[in-house]
Amino acid sequence: LGDYRSLTIVAPEIAESAAPGQFLGIGMPDDREFLLRRHFAVHQASRRGGWAGTLEFVFAPVEPGARWLAGRRPHEFLDVMGPLGRGFSYPRDLTNCLLLGEGMGAASLYFLAQELSARHKRVDMIVAGRTLGSVFKPIEGKRLSKTISIVTGDGSLGDRGSILDVLPRMVEETDTEVVYASVSTPTLREVAAFCRARRIPAQVSIQEQMACGTGLCYMCVIPIARADRSGYDNLRACVEGPVFNPGRIVWERWIRPESAEQNALEASEG
Amino acid sequence: LIVAPTLAVELDGVSLTTPILIASGCAGTGREIRGLLDARRLGGLVSRSITVHRELGAPGPRVAETASGIVWDTGLQNPGIEYFLAEELPALAATGAPVIVSIAGTSLEEYVRLTSALHARQEVSAIEVHLSGPDLELRRPVLGARVDRASEIVGACARLSRVPVFPKVPFGGNLEAIAVACVRAGARGLTLVGPLPAGSAGGSSGLESAVGWLAGPAIKPLVLGAVRRMSQALPEVPIMASGGVRTTRDAVEMLAAGAWAVQVGTATLIDPQSPVEIARGILRYIRHQGLGSPADLRGAAVETASPRASE
C-alpha cells in the first residue's frame with residue numbers, strides 16, 4: 001500500500017457497531033519500552049459477506065509502536081479497544097458531499113463514502129499525498145466516488161499541488177453542499193477558512209496524539225469555541241471528537257509542532 | 001480454622017475493599033469509567049486535581065512517550081470546584097468506588113476554600129492535597145517544596161476536613177522532613193510520590209510546553225525507595241504508593257515496601273481494566289502465601305516464583 005501498511009482483524013462486535021470517523025486503540029506488547037496504545041481510524045468495517053466481522057485499519061510504520069505492528073503475522077492476537085470516539089454524522093437534507101483525504105487520512109473517508117452512498121448521497125473526492133506512494137488507494141477512491149481529483153506535491157500522480165489548489169474547482173463542478181476532511185493540520189486550517197468563506201458546512205477528523213483514547217486522561221485536547229462565544233474549552237479529541245466542526249476550532253490556541261518547528265527554522269534562517 | 005483471605009484495607013479511617021486505586025488524573029470525570037470497568041471492584045479512585053476556578057489547561061501536545069514512561073502536562077485542566085461538586089463528584093461517586101478528591105491551590109486561602117467546599121459532601125472518602133504546583137502567594141515555583149509551607153497548608157486542610165487528608169508529597173531531597181511535618185500538622189496519611197518533574201523535547205517529538213511530569217514504569221524504583229524510607233520512619237502512618245505500578249508484581253513490591261494501598265495511573269490509561277486485574281492478582285498472591293490480607297505483606301519479602309504475580 002505504498003508508504004502505508006494495512007491490517008485486517010477479526011473483531012465482530014467492533015465491526016458491527018463501528019462508524020466512519022471512529023478509531024481503534026491497539027495495545028502494545030508489555031516487554032517493550034513504549035507503552036501507550038496506538039490509535040488508528042477504522043478504514044473498513046465489514047458486516048456482511050465473506051469478510052463479515054472484520055475490521056481494517058491503516059498505519060505508517062514510522063515509529064517503534066507502528067513498526068512493531070507492521071511485524072505482526074497472520075493469526076496473531078492483538079489487544080484491540082473500540083470503536084472509540086464520535087465519528088462523522090450524515091447530512092439529512094443536503095446531498096452533494098465532497099470528501100478531502102490527505103495521506104493516510106483518506107483511509108477513514110473511504111468507509112464514509114460507502115455509508116454516504118448507501119444513504120443516496122453524491123460523493124466526490126479529492127485525494128492527496130506528497131508523492132505517488134503516499135496517495136492512499138487511488139483506485140478504490142475512484143470506485144467510491146462520482147468524480148475524483150488526485151493531487152501530489154511532486155506531480156508523480158494526478159495534478160501537481162495541494163488540496164487547496166483544486167478545492168475551488170471541485171466545489172464548483174460538483175456543486176458541493178457538505179465537506180468532509182481528514183487531512184494534515186496545516187491543510188485543515190486552510191480548508192476551514194475556505195469552507196467558512198463559502199459558507200459550506202464541514203466536518204473534519206482531527207489527527208491528535210492520544211494517550212488513553214477513552215477520555216480518562218485529557219492529553220489529546222483541541223481548543224473549541226463555546227457555542228455562546230464566551231471563549232473556548234479544551235475538548236478531548238478521543239471522546240468529544242475526533243470529528244469536529246472546523247469553524248469552532250480556535251486556531252490561535254491550537255499551537256502545532258509543525259508550526260513551532262517552522263517558526264524555529266525560519267528564525268534560524270532569518 | 002481456615003479464614004478466607006480478604007483484599008480489604010483500612011487506612012486510618014478510610015476503608016477500601018481492595019488496596020488498588022486509580023491515581024489522580026487517570027479517572028476522567030466519572031462518566032467515562034462506567035463503560036470501561038466495574039468500578040465497584042476498585043479500592044477507590046482519586047479525582048483529577050480540582051482548583052478553585054476553572055482551568056483551561058496547557059496547550060497540546062500534552063503527552064510524549066519516553067523509555068518506559070510518558071512525559072505529560074495537562075496544566076491541571078478541570079472545571080473548578082463549583083462545577084465539580086455539581087457534576088463530577090456525583091458521577092464519580094455513582095461509579096460505586098470510594099472517591100478521594102485531589103485539590104490543588106496556589107495559595108493557603110485557595111486550599112482553605114477547596115477543603116471547606118468539600119466539607120458537606122458525603123461522597124468524599126478522603127482528600128488528597130496536590131502540592132506540586134506553584135505558590136503564587138509566596139512567589140515560589142513549587143508550593144510543597146518547603147517544610148514550613150507544606151505543613152502550614154496541609155495542617156489547615158486537616159483542621160477543616162471531616163475526612164482524612166493525604167498530602168501527595170513531591171519527590172525531592174527533603175521528602176522525609178516534609179512528610180513528617182505534614183503528619184505532625186494533621187495529615188492522616190501520605191501519597192508517595194506521583195509523577196516527577198521532567199523535561200521533554202519541544203516540537204513534534206515532545207510536549208508543547210517542553211516541561212512536564214514523568215510517569216509510568218520508569219519511576220517505579222524511585223517510588224519504591226520513597227515508600228520504604230517513609231514506612232520505616234512513620235510505620236503507623238498509612239501510605240498510598242503512586243507511580244510506576246503496572247503489574248501485580250509491582251503492586252506487591254509496593255505493599256511489601258510498606259505501602260498500605262497502591263494507586264495505578266499510567267497503566268489505567270493503557271488498559272482501564274488493569275487496576276481490577278492487579279487487585280485480583282494480589283488476592284491470588286496473598287492466598288498463595290497463606291496470608292490474610294494485603295496488610296500482612298508490609299515488611300514481607302516478595303516471593304519471586306509465585307504463580308502469576310508477574311502477569
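We name chains A, B, ... by the order of the sequence lines, and we start the count at 1 in each one.
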* Asked: Looking at Cys217(A), Pro64(A), Gly65(A), which one has more heavy-atom pairs under 4.5 Å with chain B than the rest?
  -> Cys217(A)

* Asked: chain A heavy atoms under 4.5 Å from Ala27(B): which part of the residue, side chain, backbone, both or neither?
  -> backbone

* Asked: What residue, out of Met28(A), Arg226(A), Glu63(A), Arg32(A), has the most heavy-atom pairs lying under 4.5 Å from chain B?
  -> Arg226(A)

* To do: Check whether Ala58(B) gets within reach of chain A through its side chain, its backbone, both or neither, counting any heavy atom under 4.5 Å.
  => backbone

* Step-by-step salt bridge (charged side-chain N to carboxylate O under 4.0 Å, His left out) determination, Arg236(A) to Glu208(A) -> CA-CA 10 Å; Arg236(A) 291 162 291 181; Glu208(A) 179 69 20; over 6 Å; no

* To do: Go through the steps for Glu115(A) and Arg47(A) under the test salt bridge (charged side-chain N to carboxylate O under 4.0 Å, His left out), then give the verdict.
  => CA-CA 12 Å; Glu115(A) 296 293 320; Arg47(A) 308 189 228 277; 3.8 Å; yes

* Which answer fits Leu36(B), side chain, backbone, both or neither, if we ask what part of it has an atom under 4.5 Å from a heavy atom of chain A? -> side chain

* To do: Specify whether Phe40(A) and Phe57(A) have parallel, tilted or perpendicular ring planes, treating 30° as the upper limit for parallel and 60° as the lower limit for perpendicular.
  => parallel

* Establish, for the pair Arg253(A) and Trp251(A), whether the NZ or CZ atom is under 6.0 angstrom from the six-membered ring centre and no further than 45 degrees off its axis. => no

* Using the ring of Tyr218(A) (Phe, Tyr or Trp, six-membered ring only), decide whether Arg48(B) places NZ or CZ under 6.0 Å from its centre and within 45 degrees of its axis. => yes

* To do: Quick one: which of Leu36(A), Asp233(A), Asp79(A) has the most heavy-atom pairs under 4.5 Å with chain B, could you say?
  => Leu36(A)

* Pair Arg73(A) + Glu76(A), salt bridge at N-O below 4.0 Å -> no

* With a 4.5 angstrom heavy-atom cut-off, could you sort out which part of Thr268(B) is near chain A: side chain, backbone, both or neither? => both

